[in-house]
**Q** 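Got a structure here, written out as structure tokens. Questions coming.
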Amino acid sequence: MTTMLNEGHVRVQDVTIRFNGKKGPVIALDTTNVDLKPGTFTALIGPSGCGKSTLMNAIGGFVKTSSGTIALDGVPITGPSDKVGVIFQQYGLFPWFTALGNVRFGLKRLGLSKAEEIDRARAALDEVGLGAHADKYPQQLSGGMKQRVAIARTFAFGPKVLLMDEPFGALDAQTRLVMHDLLLSVWQKHRATVLFVTHDVDEALLLADEVRVMSQAPGRLIRHYELTQARPRTFSRSGSDLLTIRDEIIDLLRPRALIDA
Ligand code: ADP
């Protein structure tokens, strides 16, 4: 089920997205170009309202581009597809299904036999350390456990691309660290192309191969960092480069820097 490294190539070319806002037209994304290489992990960071979700939703096929194209492996994205998985901050679990039922629901589209579906869903829950909680309902699970179910559900159906919109934003700091390790281990096994939106500079630097910084009004990608430090990373272990980049990004995200950009 490992994604081949030549699959999951997302190419965003000259994409502009306009909305009709309450006070008139809004350019949420301005002439944006970005390549998400197969199997890589990209973090997208920027101030609130800069267009992160819009870019993510456009790649997911939920929002149409006003101009420009987005393609997955050379095929234009015209709507949501099974090739793209999405994980949001609010888990998106069905409260009337158990953890196992939620993961099975995500597998329905594959047309497996019932036995295969259950086996695959159990294996996915085992992978995120929830094998013993398969029969619990979401309301019986902590926030971190719910997000593990969401991760299991998404990776279980084998998407080529995984879009994550502040997936750990509602979790406490300690749980976040545990979730980082878990996400990296599941991703390293399945190797989907990940686009991960976060407000947290440290989270971006600890997780990603590439960090892309956006500016606001209109939303544009203004800086790009490639990170090659071995994982798991920490700021003390991973060298001074990471700290230098952290300072640069924090400066870029200061309101004054955004106005001048
Ligand atoms: P972020 O995810 O970085 O917080 P968004 O992508 O949600 O930013 O929003 C970018 C801009 O587009 C904001 O000004 C927002 O108000 C506007 N916007 C987003 N979606 C819509 C919509 N459906 N209708 C009108 N304006 C929108």
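Atoms within a ligand are numbered from 1 in the order they appear, just like the ligands themselves.
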**Q** Less than 3.5 Å apart, any donor N or O on the side chain of Q188 or S185 sitting next to an acceptor on the other?
**A**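 Not at all, the side chains of Q188 and S185 share no donor-acceptor pair under 3.5 Å.
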**Q** Hey, can you tell me if F105 and F94 have their rings parallel, tilted or perpendicular (30° and 60° cut-offs)?
**A**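 Plane angle over 60°, so perpendicular.
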**Q** Is it the case that over 12 heavy atoms from other parts of the model lie below 6.0 angstrom from the NZ atom of K108?
**A**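 For K108, atom NZ is crowded (more than 12 foreign heavy atoms under 6.0 Å).
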**Q** Tell me the residues surrounding ligand 1, counting only those with a heavy atom closer than 4.0 angstrom, sorted by chain and number.
**A**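 Residues near ligand 1: F19, V26, A28, P47, S48, G49, C50, G51, K52, S53, T54.
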**Q** Between D209 and T40, is any side-chain donor less than 3.5 angstrom from a side-chain acceptor?
**A**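 No, because no side-chain N or O of D209 sits under 3.5 Å from a partner of the opposite role on T40.
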**Q** Could you tell me whether the side chains of E166 and T198 share a donor-acceptor contact shorter than 3.5 Å?
**A**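 E166 vs T198: no donor-acceptor pair found between side chains.
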**Q** Do any pairs count as a side chain to side chain donor-acceptor pair (under 3.5 Å) and have a residue in residues 131-147, sequence neighbours left out, and if so which ones?
**A**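 Pairs touching residues 131-147 that pass the test: H133-K136.
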